[in-house]
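Take a look at the structure set out below.
Just so you know, these numbers come straight off a predicted model, no measurement behind them. These numbers come from the heavy atoms of this one structure, side chains and all, not from hydrogens, waters or symmetry mates.
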Amino acid sequence: MEKHFTDSRVKGVSTGTTILAAVFDGGVVIGSDSRASIGGDYVSSKAINKLIQVHDRIFSCIAGSLADAQAVTKAAKFQLSFHSIQMENPPLVIAAASVLKELCYNNKDELQAGFITAGWDKKKGPQVYVVSLGGMLIRQPVMIAGSGSTYIYGYVDAKYKVNMTREECLQFATNALALAMGRDNVSGGVVNLVVITEAGVEHIVIPGDKLPRFSDE
């Protein structure tokens with residue numbers, strides 16, 4: 001009997017999402033779309049929250065296999081909670097990113113998930129890190145990932161500015177995600193945004209019909 005191999009190691013991994021994080025003057029914005037698809041073939045949910053709070057002022061947004069990403073962030077939340085109790089202080093953002101990096105690297109043959117980790121701490125202020133599929137860790141002032149990100153590299157390079165205001169950064173993130181969702185068939189739904197500063201965390205949801213439009217589609 002002929003065998004049909006359908007596992008993702010043969011087909012390749014479809015990230016099926018658009019995620020973004022950007023540093024502004026005094027804080028960081030992290031955001032994503034809310035559409036989940038299976039293999040890029042059909043939409044399984046329109047309302048997935050891809051922004052996972054791993055500690056008080058640290059969030060990770062996920063791309064790749066949803067099951068893998070949820071398992072990794074659950075393990076990371078446990079480790080960071082235990083770490084903060086031991087240290088009697090909130091964990092640093094780099095500590096959270098490093099925990100995710102170790103989990104991804106140590107299980108790189110089984111996992112198919114990548115992360116953007118963003119947050120604020122007293123030592124280094126607002127920070128953005130990316131943890132790739134194999135466990136590579138890089139710090140950047142702005143980062144995009146997922147299948148929709150391929151459509152907005154030019155926009156991000158042209159429009160992102162260091163030391164933007166909170167309002168400028170929110171508009172930048174909203175526009176970037178709206179542009180990606182308008183082009184990528186497996187990105188869509190609503191835009192979820194989280195603003196992280198020393199003062200705390202603010203959640204913002206922008207419905208699809210309230211997003212900016214850039215064409216007459």
Side-chain angles (χ1 to χ4, degrees), residues 15-37 40 43 45-54 57-64 66 69 73 93 114-120 125-131 139-217:
T15 54
T17 189
T18 305
I19 56 177
L20 172 150
V23 173
F24 66 89
D25 186 18
V28 61
V29 171
I30 187 168
S32 75
D33 71 312
S34 65
R35 179 175 292 176
S37 63
V43 175
S45 175
K46 299 178 181 178
I48 290 290
N49 182 12
K50 302 173 185 178
L51 307 180
I52 310 299
Q53 188 170 16
V54 294
R57 287 182 175 83
I58 307 173
F59 280 73
S60 285
C61 47
I62 59 179
L66 183 61
T73 52
V93 182
F115 304 87
I116 295 176
T117 300
W120 185 96
Q127 300 147 71
V128 171
Y129 297 90
V130 60
V131 178
R139 182 179 179 182
Q140 296 282 354
V142 61
M143 177 56 63
I144 55 176
S147 56
S149 66
T150 57
Y151 299 98
I152 56 172
Y153 277 105
Y155 177 84
V156 170
D157 288 344
K159 296 297 184 180
Y160 178 76
K161 299 180 297 181
V162 177
N163 295 324
M164 287 193 291
T165 66
R166 176 185 180 279
E167 290 70 26
E168 287 174 333
C169 195
L170 276 172
Q171 191 62 59
F172 162 79
T174 302
N175 288 349
L177 290 168
L179 282 164
M181 290 161 62
R183 295 290 183 183
D184 181 30
N185 68 318
V186 287
S187 295
V190 304
V191 165
N192 289 306
L193 298 169
V194 174
V195 183
I196 310 167
T197 64
E198 182 179 7
V201 172
E202 179 185 358
H203 297 258
I204 300 170
V205 178
I206 305 175
D209 60 352
K210 301 297 183 183
L211 291 172
R213 299 176 69 89
F214 300 93
S215 66
D216 296 327
E217 59 187 24

Contacts satisfying side chain to side chain donor-acceptor pair (under 3.5 Å) that involve residues 151-164 (not counting sequence neighbours) are Tyr155-Asn175
Is there side-chain contact between Phe24 and Val195, with at least one heavy-atom pair below 4.5 Å?
-> yes
Can you tell me how far OG1 of Thr165 sits from CG of Leu170, rounded to the nearest 0.5 angstrom?
-> 8.5 Å
OG of Ser60 to CD1 of Ile30: how many Å apart, nearest 0.5 Å?
-> 6.5 Å
Closest approach of Leu193 and Val191, non-hydrogen atoms and distance?
-> CG-CG1, 3.7 Å
Ser187 and Arg35, any side-chain heavy atoms less than 4.5 Å apart | no
Would you say the side-chain atoms of Thr18 pair up with the backbone N or O of Gly146, donor to acceptor, closer than 3.5 Å?
-> no
What closest approach, in Å, do Ala173 and Val29 show between heavy atoms, and which atom pair accounts for it?
-> CB-CG1, 4.0 Å
Which residues satisfy the side chain to side chain donor-acceptor pair (under 3.5 Å) test with Thr73, sequence neighbours excluded?
-> none
With Ser32 via side chain to side chain donor-acceptor pair (under 3.5 Å) - residues at least two apart = none
Looking only at heavy atoms, which two atoms of Ile206 and Leu211 are closest? And how far apart?
-> CG2-CD2, 3.6 Å
Value rounded to 0.5 Å, distance of CE in Met181 from CD1 in Ile152 | 11.0 Å
Is the side chain of Ser34 donor-acceptor paired with the backbone N or O of Val190 at a distance under 3.5 Å, no angle test?
-> yes
Ala22 and Val28 have their tightest heavy-atom pair at O-CG2, 3.2 Å
Validation row: Pro212, Thr174 side chains within 4.5 angstrom (heavy atoms) | yes
Taking only residues two or more places apart in sequence, or in another chain, which ones meet Arg166 in a salt bridge (Lys or Arg N to Asp or Glu O under 4.0 Å)?
-> Glu202
Residues that Val201 engages under side-chain contact (heavy atoms from CB on, under 4.5 Å), provided they are two or more places apart = Arg57, Phe59, Val194, Ile196, His203
Side-chain touch Val128/Val142, heavy atoms, less than 4.5 angstrom = no
Ala63 versus Ile19, closest heavy-atom pair with distance | CB-CD1, 3.9 Å
Using salt bridge (Lys or Arg N to Asp or Glu O under 4.0 Å) as the criterion, list what pairs up with Asp33, not counting sequence neighbours.
-> Lys50
Which distance, rounded to the nearest 0.5 Å, do you find between the CG of Leu179 and the CZ of Arg213?
-> 12.0 Å
Nearest 0.5 Å, what's the CG-OG distance between Asp184 and Ser147?
-> 3.5 Å
Inter- and intrachain pairs under ring-ring contact (aromatic ring centres under 6.0 Å, His included), touching residues 173-192, at least two apart = none
List the atom of Ala178, the atom of Phe214, and the distance in Å for their closest heavy-atom pair.
-> CB-CE1, 4.1 Å
Sorted by chain and residue number, the side-chain contact (heavy atoms from CB on, under 4.5 Å) partners of Leu66 (sequence neighbours excluded) come out as Ile48, Ile62, Gln70
Residues two or more places apart in sequence or in another chain: which of them pass side-chain contact (heavy atoms from CB on, under 4.5 Å) with Thr150?
-> none
Approximate separation, where rounding is to 0.5 Å, of Leu177 CG and Thr17 OG1 = 9.0 Å
